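Okay, so here's the structure we're looking at.
Per chain, numbering begins at 1; letters A, B, ... match sequence-line order. From a predicted model like this one, the values you see are computed outputs, not experimental measurements.
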Protein chains: 2
Amino acid sequence: MKLTSKGRYAVMALVDLARFNNINPVSLRDISLRQGISLDYLEQIFSKLKKDQIVKSIRGTQGGYVLSKKPNEIKLTNIFHAVDEKVKTVKCKKDSKKGCNGKATKCVTHNLWDELENHINSFFDKKSLEDLLKSNNENRI
Amino acid sequence: MKLTSKGRYAVMALVDLARFNNINPVSLRDISLRQGISLDYLEQIFSKLKKDQIVKSIRGTQGGYVLSKKPNEIKLTNIFHAVDEKVKTVKCKKDSKKGCNGKATKCVTHNLWDELENHINSFFDKKSLEDLLKSNNENRI
DNA sequence: ACTATACTTGACCAATTTAGTCAGGTATGT
DNA sequence: ACATACCTGACTAAATTGGTCAAGTATAGT
């Protein structure tokens, strides 16, 4: 089981954006420099964040991105969903001969995996961008 | 984020093993047939389960595998650990210029990922093979 | 002793996913 | 007009996954 960089980058970038969000739009170039994430890759990530209305874009000189909502309204669930960082549990295919279909342990793992998904998602549902900003500030005293 | 088949197969195979464990050792061939998992792949998985002393092997005719412990003593943590199904969180490398080192959001994601790992592991720590056997039996009434 | 069964080990491989790069755009403030 | 910065899609190298294949070794039963 693993978490990919894309989700982590999205979180890092949004925390960065939230911190510098107050006055002007924040350009991806700045985020790229501050966070050490490739600009090209950031563009891919932000196009997804925009599609899910987590950020808004402002084009042209002095343009950049702005949060669409307040930091406490943006949950990790929303972020991960936007960038396709989802909990995949590799279930059995319905019409394959392999797996649990009609077999002895049918559904054991299905129920288990469903429980696990719920468990993980409940974590993501609770954490907001604001929570992360707070813990970030505490660390930088 | 995803869970691999290896972990799922290990769980399925062990539930199967636990059910038929009472009288004789259970051969991988039987598990393979009942669960629809490739024999060759099962061998790889069981060699890892054996190394972590979750199962014992008995060679020769009528041989097979037996659980090393009682089903309630075998937690999902143990199983996943044995087959290297671990929560990888793609952390920043220490000496790379990329990532969070010395950057604005240093440790935001580190703390977050650590919390998540704990959250997930607490789930795995609680669930035992016995729990799965029970829910399996309930399903087959 | 022979043989069938079943565990043991290690090399190999195709398909998929990941984490990007590259090359072109288009919109807009000054 | 021009620099900035968003936008889009194609491409790719490396790693991972989910196996297969081949060649063993150990043991119970005959």
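- B:Thr4 and B:Glu85 share a side-chain donor-acceptor pair at under 3.5 Å.
- Contacts between residues 74-81 of chain A and DNA chain C, counted as heavy-atom distances below 4.0 Å, involve no residue at all.
- Nearest nucleotide to the B:Tyr41 side chain, out of D:dG18, D:dC6, C:dT8: D:dG18.
- Applying the salt bridge (charged side-chain N to carboxylate O under 4.0 Å, His left out) criterion to A:Lys127, with sequence neighbours excluded, gives B:Glu115.
- Where the helix from C:dA1-D:dT30 to C:dT30-D:dA1 starts and where it ends, the local axes point in directions that differ by 10°; five pairs per end, rounded to 10°.
- Evaluation of the side chain to side chain donor-acceptor pair (under 3.5 Å) rule for A:Asn118 yields no partner, not counting sequence neighbours.
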Detail all sub-3.5 Å separations between protein N/O atoms and N/O atoms belonging to nucleotides 27-30 of chain D.
{"residue": "D:dA28", "atom": "N3", "partner": "B:Thr61", "partner atom": "OG1", "Å": "3.4"}

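- Contacts with DNA chain D (heavy atom under 4.0 Å) in residues 23-32 of chain A: A:Val26, A:Ser27, A:Leu28, listed by number.
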Residues 42-60 of chain A side chain polar contacts: donor-acceptor under 3.5 Å, at least two apart:
{"residue": "A:Ser47", "atom": "OG", "partner": "A:Gln44", "partner atom": "O", "Å": "3.3"}
{"residue": "A:Lys48", "atom": "NZ", "partner": "A:Asp84", "partner atom": "OD2", "Å": "3.0"}
{"residue": "A:Lys50", "atom": "NZ", "partner": "A:Ser57", "partner atom": "OG", "Å": "3.1"}
{"residue": "A:Asp52", "atom": "OD2", "partner": "A:His81", "partner atom": "ND1", "Å": "3.1"}

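- A:Glu130 is linked by a salt bridge (charged side-chain N to carboxylate O under 4.0 Å, His left out) to nothing, counting only residues two or more places apart in sequence or in another chain.
- Residue contacts shown for B:Phe46 are absent, as no nucleic acid heavy atom lies under 4.0 Å away.
- In this structure, B:Asn24 has no side chain to side chain donor-acceptor pair (under 3.5 Å) partners at least two apart in sequence or on a different chain.
- Out of D:dG19, C:dC22, D:dC6, the shortest distance to the side chain of B:Ser38 is found at D:dG19.
- Annotation for A:Ile23: hydrophobic cluster partners, listed by chain and number, are none (ILVMFWY side-chain heavy atoms under 4.5 Å, direct or chained).
- Side-chain N/O atoms of B:Glu43 and base N/O atoms of D:dT20 include no donor-acceptor pair closer than 3.5 Å.
- Under the side chain to side chain donor-acceptor pair (under 3.5 Å) criterion, B:Thr77 pairs with B:Asp125, sequence neighbours left out.
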